Amino acid sequence: MDLKEWKEELKNLVEVLSKNDDDADADDEEEEKEEEEEEKDVNDYNECVNDATKSLRTLYGEGAEKKDYETLLRTPFRVSIPPQRIISVKKQNEEEFSEELDRYIHVQDKGTDRLWPLIKNVEVTIPRSEILPEGIIFLDIPGTGDFNSKRDEMWKENINKCTVIWIVSDIERVLGEKTQDQLLEESIKAFPGGMCTDIALVVSKSDKINLDEYRRERKNKNIKNEHDAILERNQDVKNKKEKSIMQKLKRKLPPDAEVLNKPKLVYTVCAQEFWKESPLKILSQEETEIPELRDYVKMIYLKEKQKLVKDYVTEAWGILRLAKNAGTNSQPEDLVFRKIVVEELIKKEIDSLEKALQKCSDEILQPLCRGVEQAKRRYKKTVLQMLTRVDGYRGYHKTLKAVFLKDGIYASKKFARIDFNESLAKPLYDEIDSIFGGIFRTQHTTRSSLWSHLKIFKNEVKKKILKTGKVNSLPSDNSKICMFIQEVNAILEELEKWIIQKKILIYQSLSKSIQSDLKPHYKAASSLRGTGSCEGMKRIIIEGTDNKVKELLFERATSKMESQFHELKEYILQELKKKISTLFSLVFLQQDWVPVHLAELEQPECQ
């Protein structure tokens, strides 16, 4: 984060620490109700206090947690912060790389973590290797427990940028803990709301097994050895987790989504066994599934590389054609491309595209209406569930204070990610997710997707340009015709990239709108202190949400999403008009107007 963002974060950290002192009476009130709770149930908010204390001491020294905001602003950092808040680890050979990286991944001397509060990320470039293809980028996104709001925003932003998501989990935790399910739920949101088109669960350390204990659990003494036990358990994990993942995916995605037909969603891997010498191996290299995972990475790489190469060649070829045509004298056959002719042609196709895009965005309206009705029926129950914990954690009122301090969102370490705004918007998302994903799908597009309409536009422009040339006795390989068609394709490819970025904002508009409307109530709730603050916070949120729902909270959110769709449509149309007009000027410079017959083709019907 930059200094401006840090000042905002610093204000929050100081507020957390000041409120912690003032909440002693509220703690007593809560603890009287839960005297029998085990001592290990340390409340989640105390983790916030510990994090805030550690952050301030790291940057400003011992005792910083006792200073006020203005004093800390005037206090210089006791550490040097790298440019752009990024640490870069880049070495040419394996030994140097390992040595450099070791200081960041192992706990060593005191003070080695001194930079963490203001570090945005660590960029690691590995030496040239056969293990990973060049150009593959892995984003190691940490768990969701981080009070720092900017890092929490980065977590969500980064997960939405990933084209493939892997959830990595130890074999001993994958079936027993809720963390993986919660991460899976968050990751699947990146399908309709981000760039993700593929997902997998990677279960590590699959050789970790106690044979006698495993036999007792299975009540099967006939399992001969560790090898058979590991493979049996691995298959059992795959069966259970693949079924769970598939059920979750089906609720979010169109029924014909490509990921639903993936042959494999879970990999049980063991790096230690993979690198062992043959006499010591329990599992063969293939049984460790590392080679299979490598092939998976290579497949992703080749797919993305092909697209990049195609885009690069298209752009380079267009520049070469432009350079070739620049300064050439106008030929008689070029007269068919007088501006008025091309504008007429393009205008007709853009009008057809506008109608198609409108139909496309209209598909979301009915699900949004259903979502509003569901949200209005369920919001009271949702709010009560969010405000109450019945699973034995003491001091939840402090966690709530952290939630409200962060405008309804808190990356809790104990309760996973808490998001009041998304919870209230969930009925809306449940209704639109499948259709939304279908509209923005990029693989095997259907007639309901944006890409299919853009593809129809591209094909019709090409056909009409070529037919116009044919009617006027021009060869189909006329250089300027070819360049014009090629550059129209390039314009559409650039638009597609922008649409993917815009898609994320459109998807988030529902929860962002709810957050904006409830922000005054979050602020009011977080300002309460002392005895009775817990019930006071709950009352403010319950009454505030009730009032906002009466004032059309959910209707306003859907209107903002509709408005975003409208802006998307208008931007596409305006960009096409502007860039194709510019393209015409570049390709066909300084030519006199001659009326030419425009070839007519049947307009396709866009469903």
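Computed from a prediction, not measured in an experiment: that's the story for all the values here. Index from 1, following the sequence.
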For the OG1 atom of T163 and the CD1 atom of I199, what is their distance to the nearest 0.5 Å? 12.0 Å

When you look at NZ of K512, are more than 12 heavy atoms from neighbouring residues, nucleotides or ligands closer to it than 6.0 Å? no

With heavy-atom distances below 4.5 Å as the criterion, would you say the side chains of F440 and P192 are in contact? no

Can you label the angle between the F420 ring and the F404 ring as parallel, tilted or perpendicular, going by 30° and 60°? perpendicular

Note, M246 side chain near L260 side chain (heavy atom, < 4.5 Å): yes

What's the shortest heavy-atom distance between M561 and I506, and which atoms? CE-O, 3.2 Å

Considering all heavy atoms, the nearest I514-L553 contact: CA-CD1, 4.1 Å

For the residue pair Y296 and Y267, categorise the inter-ring angle as parallel (less than 30°), tilted (30 to 60°) or perpendicular (more than 60°). parallel

Nearest heavy atoms of A525 and M537, plus distance in Å: O-CG, 3.1 Å

Flag the pair I439 / S449 as yes when at least one side-chain heavy-atom distance between them is below 4.5 Å, and no otherwise. no

Any side-chain heavy-atom pair of V403 and Y522 under 4.5 Å: no

If you compare all heavy atoms of I435 against all heavy atoms of P367, which two are closest, and at what distance to 0.1 Å? CD1-CG, 3.2 Å

Determine whether I165 and D198 make a side-chain contact, defined as any pair of heavy atoms from C-beta on separated by less than 4.5 Å. no

Check whether any side-chain heavy atom of L73 sits under 4.5 Å from a side-chain heavy atom of E70, and report yes or no. yes

Closest non-hydrogen contact found for T197 with F191 is C-CE2, 3.5 Å

Determine the interplanar angle of the F436 and F565 rings, folded into 0 to 90°, and report it as parallel if under 30°, tilted if 30 to 60°, perpendicular if over 60°. perpendicular

Testing the basics here: between E555 and T558, what is the closest heavy-atom pair and its distance to 0.1 Å? O-OG1, 2.7 Å

Is the shortest side-chain N to carboxylate O distance from R441 to E258 below 4.0 Å? yes

For atom NZ of K189, decide whether the heavy atoms of other residues, nucleotides or ligands shown that lie under 6.0 angstrom number more than 12. yes

Start with the C-alpha gap between Y379 and D546, add the side-chain angles, then the distance that decides, and say whether side-chain hydrogen bond (donor to acceptor under 3.5 Å, both in side chains) holds. CA-CA 9 Å; Y379 83 90; D546 278 340; 2.6 Å; yes

Does any non-hydrogen side-chain atom of V174 lie less than 4.5 Å from one of K241? yes

Flag side-chain contact, heavy atom, 4.5 Å: I432 against L510: yes

To the nearest 0.5 angstrom, please state how far the NZ atom of K502 sits from the CG atom of L495. 13.0 Å

So, K248 and S244: side-chain donor and acceptor under 3.5 Å apart, yes or no? yes

